[in-house]
Amino acid sequence: EARWRELALKQKPAPDKQDDEILRKRLRHQARGRGWVEAAEFLAAFAEATDNFAAISGQELRDLDRLLRCDDMFLLRIVTERAEVPEELDTDAF
């Protein structure tokens, strides 16, 4: 897990100046295209709940982008409280 976190932190984040609607569309696509069906269902349900997802903007979208770059099993361990939320992911998006 430590090695994965190191590699994940090196990924290029979403550009600060990227339009929120473009980023929102990309995040919807990332939520649906997960490797594990369970993760895809769980994340896509959030992305499709337009009341929640449409209200997110700015830094919260970028934090969600960072979260969606995580490995599916790692996300599921965090959500099921089998792993601690790492400091870099402990944001309002989570």
Side-chain angles (χ1 to χ4, degrees):
E1 186 174 304
R3 178 72 177 134
W4 172 86
R5 286 177 60 197
E6 178 185 333
L7 292 172
L9 286 172
K10 291 180 182 179
Q11 290 184 16
K12 185 179 176 183
D16 288 337
K17 296 183 180 182
Q18 187 173 36
D19 179 67
D20 285 353
E21 190 55 36
I22 292 171
L23 182 53
R24 199 174 281 112
K25 287 178 183 179
R26 186 169 58 78
L27 293 176
R28 271 192 190 100
H29 176 74
Q30 285 179 328
R32 286 189 301 264
R34 307 303 293 194
W36 284 52
V37 174
E38 294 86 348
E41 287 181 15
F42 153 105
L43 294 168
F46 173 78
E48 297 305 323
T50 56
D51 291 344
N52 293 328
F53 201 62
I56 298 173
S57 63
Q59 186 57 46
E60 286 180 314
L61 280 173
R62 281 149 192 74
D63 291 342
L64 184 58
D65 176 58
R66 174 68 186 89
L67 191 63
L68 289 179
R69 291 172 186 264
C70 293
D71 175 75
D72 291 348
M73 277 307 299
F74 180 66
L75 284 177
L76 288 173
R77 284 197 319 272
I78 291 173
V79 170
T80 58
E81 298 180 350
R82 293 181 182 176
E84 299 267 333
V85 178
E87 183 179 323
E88 66 270 12
L89 297 178
D90 195 10
T91 65
D92 289 341
F94 202 86

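Along the sequence shown, residues are numbered consecutively beginning with 1.
Judged as a side chain to side chain contact (heavy atoms under 4.5 Å, CB included), and not counting sequence neighbours, the contacts of E21 are D19, R24, K25, R28. Take D72 and apply the side chain to side chain contact (heavy atoms under 4.5 Å, CB included) test, not counting sequence neighbours, and it matches R34, W36, A39.
Scanning both residues, A31 and L68, for their nearest heavy atoms gives N-CD1, 4.4 Å. The two residues L89 and I78 come nearest to each other via the heavy atoms CD1-CD1, 4.3 Å. Nearest heavy-atom pair across L27 and L64 is CD1-CD2, 4.1 Å.
Atoms CD and CG, from Q59 and D65 in turn, are 10.0 Å apart once rounded to the nearest 0.5 Å. Rounded to the nearest 0.5 Å, atoms CE (M73) and CZ (R82) are 8.0 Å apart. A distance of 12.5 Å separates CG of L67 from CD of E60, quoted to the nearest 0.5 Å.
Listed for the R66 side chain is no donor-acceptor partner under 3.5 Å among the backbone atoms of R62.
Put simply, the residue from L23, D20, L61 that forms a side chain to side chain contact (heavy atoms under 4.5 Å, CB included) with I56 is L61.
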